[in-house]
Amino acid sequence: MVRVRYAPSPTGMPHVGNIRTALFNWVFARHHGGQFIVRIEDTDRNRYVEGSEQAILNSLRWLRLDWDEGPEVGGPHAPYYQSQRLEIYHRIAHQLVDDGKAYKCFCSAEEVEQMRAQQRAQGAAQTMYDRRCRKLTPAEVKARENDGLPYVIRFKMPLEGTVAYDDLIHGRTEFQNKLTDDFVMLKSDGFPTYHLANVVDDHLMAVTHVLRGDEWVSSMPRHLNLYRALGWEPPQFAHLPLLLGPDKQKLSKRHGTTEFTEFIRQGYLSEAMFNFLAICGWNPGDDREILSREEIIALFSIERISDNPFVFHHDKLLWMNGHYIRELPKERLIELCLPYLQEAGLIPPTLNADTRAYVERVVPLEQEKMKLLSDAPRLLDFFFRDDYPIDEAAVRKWYGEPHIPQMLEELIRRYEALEPFTTPEIERVTREVIAWLGVKGGEVIHPTRIALSGRATGPSLFEMIEALGKPRVLQRLRQAQRWVFRK
RNA sequence: GGCCCCAUGGUCUAGUGGUCUAGGACGCCAGGUUUUCAUCCUGGAGGACGGGGGUUCGAAUCCCCCUGGGGUCACCA
């Protein structure tokens, strides 16, 4: 039985790269009919950020990554919060001390920092805890304990030899033990460090595969030696390629949007994010890139995960989102756009039937142009308000033309009398005006669009006219009569 | 700097010794469709696969070195 976990730390708003790791784990579990566990690694009380855990869980839910065990759902290995598992880590850490595989270290953080500073000053290739407390005699340890000195528990790294493992993505990787120092397993505040808690919980929770970011491979010597000291069989490891910014540095806030909740807020679709995240470092083996979640689950395999870092470019994500928006059924598009229109103040928080019908008519007119749901207000504002911006350059381009006064007059006269005021009828009379003026279609269509929307580009004119409705159309055409000037 | 990882057009990626004068996608450019924009369709520019050595009849594909890039070196995860 495949069991994987996503182990976020509630130290801030979720990062895309982190959610991508969650997605890979989830997809891997679902592909194998295995289980997906969520475990909250809240062992750093200093960096804890209120609300971040909910933001993380909500992001998973938004992507429909359901978990079989974890917060809110519980499970056979509860609790799934490391802060509630402290006794376990204590027991194991002290067990290791008793077995002579770990030791209490009474050096203060300042002392250790000083040590490192000195090593740096001496030009050491690498700074390391000098293991001074490893040499303490039992009596010395006793004495310090009796003095009430705080201590941490450090792991006794083997001083020689190597440790190796077969990474599911990178292949065999080997490390020399002597290059890793005696890392802290249990902090002086009684909380475990990642290394201890992670290894212990992965074992206790029967995790079979660890899929995590590449930044963790450098911790493998610690983890592997810990497993060895504990006499546990380590799980399989797959280190995922890092997500980089356009400058090839590890993706971070300065590269633009990286907070996952921010993508949601901007109006990316769940399906689009799911699809895009899935191809951040993975491909199905053929040319397809647009894939449904079912296809991704069916096709997923670790062998097809790339081993080189992935430069995260927003433009491809944007393209993909536009693709998914275009495929959206109209009803769903409308539903999804409502909050954005409301937030922009274009429509009231609660809609009456008329407004609702108007929104339903108008939103689909710009569907193919939307790349983000948040584009909706910008694209549609002139349907809802009369003080929309006017493209002055476009006005200047057209409103000095000699046929414009007659055109407006004629359009107003015919539209006013037109019944029913529907797209085909509107097109028919408009074409009559075009013929009557003896000009090209565009010479009427473009200036009319400017009159009605203030812009040179927009939805198909005749549909737009019907949607706007007769009163608004007549009023805007009359207003445009004031724009006319002589060249 | 030590250790580890990576190296196909601007970016992602296919390619696992010959079918590759390297395929696809985003982006870019041009043309077409269209009442505009967008969509859609067609075409195009852009890499001879980081460099150098090998191995082989034959290498983008295997090996070595170099170079470049990245990650990591906490009582953070």
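Everything numeric in this text was worked out from a predicted model, so none of it was measured. Chain A is the first sequence line, chain B the second, and so forth, proteins listed ahead of strands; every chain is numbered from 1. Only this structure's heavy atoms are used, side chains among them; waters, hydrogens and symmetry mates stay out.
- Across all strands shown, Thr430(A) has no heavy atoms under 4.0 Å from either base or sugar-phosphate atoms.
- Comparing the C1' positions of U61(B) and U13(B) gives an interatomic distance of 16 Å, to the nearest angstrom.
- Using a 4.0 Å heavy-atom cutoff across all strands shown, Phe310(A) reaches sugar-phosphate atoms only and no base atom.
- Minimum atom distance to the side chain of Ser9(A) is reached by A77(B), of the listed C6(B), A77(B), U36(B).
- Residue contacts for Glu41(A): at a heavy-atom cut-off of 4.0 Å it reaches the sugar-phosphate backbone alone, with no base atom in range.
- At a threshold of 4.0 angstrom between heavy atoms, the contacts of Val311(A) are confined to the sugar-phosphate backbone, with no base atom among them.
- As judged by a 4.0 angstrom heavy-atom cut-off over every strand, Phe462(A) is placed among the base-contacting residues.
- Using the Watson-Crick or G-U wobble rule with both distances under 3.5 Å, C40(B) pairs with G32(B).
- Among C26(B), U36(B), U39(B), the nucleotide with an atom closest to any side-chain atom of Arg449(A) is U36(B).
- Side-chain N/O atoms of Arg455(A) and base N/O atoms of U36(B) include no donor-acceptor pair closer than 3.5 Å.
- Rounded to a whole angstrom, the distance from the C1' atom of C12(B) to that of C41(B) is 24 Å.
- Base engagement by Pro459(A) is indicated by at least one non-hydrogen atom pair under 4.0 Å involving a base atom.
- For Trp216(A) and His239(A), the distance between ring centers is not under 6.0 angstrom.
- OP1 and OP2 of C3(B) both lie 4.0 Å or more from every side-chain N or O belonging to Arg222(A).
- When each of Ile169(A) and Cys107(A) is assigned the nucleotide of RNA chain B bearing its nearest heavy atom, the one mapping closer to the 5' terminus is Ile169(A).
- Note on Lys178(A): every side-chain N or O is 4.0 Å or more away from OP1 and OP2 of C3(B).
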After noting the C-alpha distance and the side-chain angles of Tyr399(A) and Trp483(A), does the key distance pass the ring pair (Phe, Tyr, Trp, His ring centres under 6.0 Å) rule? CA-CA 6 Å; Tyr399(A) 281 74; Trp483(A) 296 346; 5.3 Å; yes
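- Using a 4.0 Å heavy-atom distance criterion, Leu179(A) is classed as a sugar-phosphate-only contact.
- For G15(B), the OP1/OP2 oxygens have a side-chain nitrogen or oxygen of Arg304(A) closer than 4.0 Å.
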Take Tyr89(A) and Asp201(A) through the side-chain hydrogen bond (donor to acceptor under 3.5 Å, both in side chains) test and state the conclusion after the steps. CA-CA 9 Å; Tyr89(A) 311 126; Asp201(A) 287 343; 2.5 Å; yes
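- The gap from the P atom of A59(B) to that of G2(B) amounts to 34 Å, rounded to the nearest Å.
- Comparing G24(B), U35(B), C76(B) by their closest approach to the side chain of Thr193(A) singles out C76(B).
- A sub-4.0 Å separation between OP1 or OP2 of A77(B) and a side-chain N or O of Thr43(A) is present.
- The distance between atom CZ of Arg120(A) and atom P of C73(B), rounded to the nearest whole Å, is 12 Å.
- Gln119(A) places a side-chain N or O within donor-acceptor distance of the main-chain N or O of Met128(A), the cut-off being under 3.5 Å.
- Between Glu113(A) and Arg116(A), none of the side-chain N atoms (NZ, or NE/NH1/NH2) sits under 4.0 Å from a carboxylate O, so this pair counts as no salt bridge.
- Less than 6.0 angstrom separates the ring centroid of Phe300(A) from the ring centroid of Phe24(A).
- For Lys187(A), a side-chain nitrogen or oxygen approaches OP1 or OP2 of A77(B) to under 4.0 Å.
- For the OP1/OP2 pair of U13(B) and a distance below 4.0 Å, the side-chain nitrogens and oxygens of Asn283(A) include no atom meeting the criterion.
- Between the side chains of Tyr6(A) and Asn18(A), at least one donor-acceptor pair of N or O atoms lies under 3.5 Å.
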Which atoms of nucleotides 43-48 of chain B (N or O only) lie under 3.5 Å from a protein N or O atom, and what are those distances?
none

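- Where Arg431(A) and Gln82(A) each meet RNA chain B at their nearest nucleotide, the meeting point lying more 5' is that of Arg431(A).
- The separation of G68(B) from C62(B), taken at their P atoms, amounts to 23 Å, rounded to a whole angstrom.
- Within the 4.0 angstrom heavy-atom criterion, base atoms lie near Gly458(A).
- For Thr173(A) and C4(B), the shortest distance from a side-chain N or O to OP1 or OP2 is not below 4.0 Å.
- When both distances must be under 3.5 Å, the Watson-Crick or G-U wobble mate of G2(B) is U72(B).
- Residue Glu174(A) is in sugar-phosphate contact alone, with no base atom involved, counting any heavy-atom pair closer than 4.0 Å across all strands shown.
- A side-chain donor from one of Asp42(A) and Ser83(A) sits under 3.5 Å from a side-chain acceptor of the other.
- For the pair His195(A) and A77(B), the criterion of a side-chain N or O lying under 4.0 Å from OP1 or OP2 is not met.
- In this structure Lys371(A) satisfies the salt bridge (charged side-chain N to carboxylate O under 4.0 Å, His left out) test with no other residue, sequence neighbours excluded.
- Taking the side chain of Trp216(A) as heavy atoms from C-beta on, and the options C75(B), G70(B), A77(B), the nearest nucleotide is A77(B).
- For Ser218(A) against C3(B), no side-chain N or O and base N or O form a donor-acceptor pair under 3.5 Å.
- Look at Arg154(A) and you'll find a side-chain N or O under 4.0 angstrom from OP1 or OP2 of C75(B).
- Between Arg116(A) and A74(B) there is a side-chain polar atom (N or O) within less than 4.0 angstrom of OP1 or OP2.
- Using atom P as the reference point in both U11(B) and A30(B), the two lie 23 Å apart (nearest Å).
- Under 4.0 angstrom from either OP1 or OP2 of C40(B) there lies at least one side-chain N or O belonging to Arg326(A).
- For U8(B), one of the phosphate oxygens OP1 or OP2 lies less than 4.0 angstrom from a side-chain nitrogen or oxygen of Asn308(A).
- Separation of the P atoms belonging to G9(B) and A60(B) is 15 Å when rounded to the nearest angstrom.
- For U36(B), the OP1/OP2 oxygens have no side-chain nitrogen or oxygen of Thr448(A) closer than 4.0 Å.
- For Lys248(A), taking side-chain heavy atoms from C-beta onward, the closest of the listed nucleotides G70(B), C75(B), U39(B) is G70(B).
- Side-chain atoms of His223(A) and Asn198(A) include no donor-acceptor pair closer than 3.5 Å.
- Pro192(A) comes within contact range of the sugar-phosphate backbone alone, with a heavy-atom separation under 4.0 Å but no base atom that close.
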Stepwise, does the ring pair (Phe, Tyr, Trp, His ring centres under 6.0 Å) test hold for Tyr324(A) with Tyr268(A)? CA-CA 9 Å; Tyr324(A) 276 94; Tyr268(A) 283 95; over 10 Å; no
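- With A74(B), A7(B), G70(B) as the candidates, the nucleotide lying closest to the side chain of Thr127(A) is A74(B).
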